[in-house]
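Each remark here refers to the structure printed beneath this line.
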Amino acid sequence: MRVPPRGVPRSGDPRTTEDENHETPRQRATPEVPSMPERTGRPIAPALVLTGAACVALALVLLFARAELLRTPSAGADGEPAATVSEDMRQAGEELARRQADDPRAMGAVDAPVVMVAYSDYRCPYCAAWVRRVQPELVDAYVARGLLRIEWREFPYLGEDSRLLALGAEAAAGQDAFWEYHALVYGAPQEFTGDDAALRARLEAAARELDLDPERFARDLEGADAEEAVEEDFAEGQATGISGTPAFLVNGDPVLGAQPPESFTAAVDLALRDAGRRP
């Protein structure tokens, strides 16, 4: 199995807002859940049926709505994270964690005490900022120590290009190169733009850069498996109440936007304490 890269080179790092929250077309009141970009000539995969009961899905939607209003993990008066995540929400987060040993889109020990489920769109600049600035710190501080597992989900709500890039991620994952693709696209998002023909040509070049089988990559890019995987992720995000990216669940505790690293370390540390582990 390939060792996932720590992150993406910081050169050419575009400037974003100070706290890098993604103010997408959602409101801070009840957010509108987006729909998948329309597809051309492909059947729609069956909607994902979550393993939890309907009340669990509803609870997660309400929790994401609460987090949307707060825009930051809960903290006590002394600055330490407050114990606001109920046992039910921790259980809901565990049900969303797939913990599949052969998942090419996950990094970290399969039995890590904390699982971060990340919903992202390759066309989202704040997702790219998170990958560059926060992911490497979490990998060094927690993933490398067996304390955190990161599971990536595709949530391509920003248009047809987003969907095509998500399909490319699935095609790369089929050759055990998801994290290399992830680093390449998020490291230079300005290169993965243009009309459909130009973007497809860039994806073909990316497959060669990553030393993938280009014919298999092109075939998988158009295949039903990639389509179904992306739709499953998207349906899961919709059922959870996600309306924009990046969005994260840390053992059921939602963190929205490309918050500073401290927001994520606070959420992970709280989850570790709840799991009876020392941060």
My understanding is that only residues two or more places apart in sequence, or in another chain, count here; which of them pass side chain to side chain donor-acceptor pair (under 3.5 Å) with [X]?
X: Asn251; result: none
X: Asp196; result: Arg200
X: Glu209; result: Arg202

Do we see a donor-acceptor contact under 3.5 Å between the side chains of [X] and [Y]?
X: Thr245; Y: Asp121; answer: no
X: Tyr142; Y: Asp269; answer: yes
X: Glu154; Y: Tyr119; answer: no

With rounding to the nearest 0.5 angstrom, report the [atom1] to [atom2] distance, [X] to [Y].
X: Glu151; Y: Phe248; atom1: CD; atom2: CZ; answer: 14.0 Å
X: Asp274; Y: Met89; atom1: CG; atom2: CE; answer: 13.0 Å
X: Leu158; Y: Cys127; atom1: CG; atom2: SG; answer: 8.0 Å

Next item on the list: Would you please name every residue forming a ring pair (Phe, Tyr, Trp, His ring centres under 6.0 Å) with Tyr122, sequence neighbours left out?
Entry: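 With sequence neighbours excluded, Tyr122 shows a ring pair (Phe, Tyr, Trp, His ring centres under 6.0 Å) to Tyr181, Tyr186, given in chain and number order.
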Notebook entry, point to check: Quick one: do Glu160 and Arg123 make a salt bridge, cutoff under 4.0 Å?
Noted result: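 Salt bridge between Glu160 and Arg123, a charged N being under 4.0 Å from a carboxylate O: no.
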Margin query: Against Leu147, only a single residue in Val268, Leu272, Val114 fulfils side-chain contact (heavy atoms from CB on, under 4.5 Å); can you say which?
Written below: Leu272
Next item on the list: Tell me, please, which residues at least two apart from Glu204 pass side chain to side chain contact (heavy atoms under 4.5 Å, CB included).
Entry: Arg208
Checklist line | salt bridge (Lys or Arg N to Asp or Glu O under 4.0 Å) contacts touching residues 104-113 (sequence neighbours left out) | finding: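 Found Arg105-Glu170, Arg105-Asp233.
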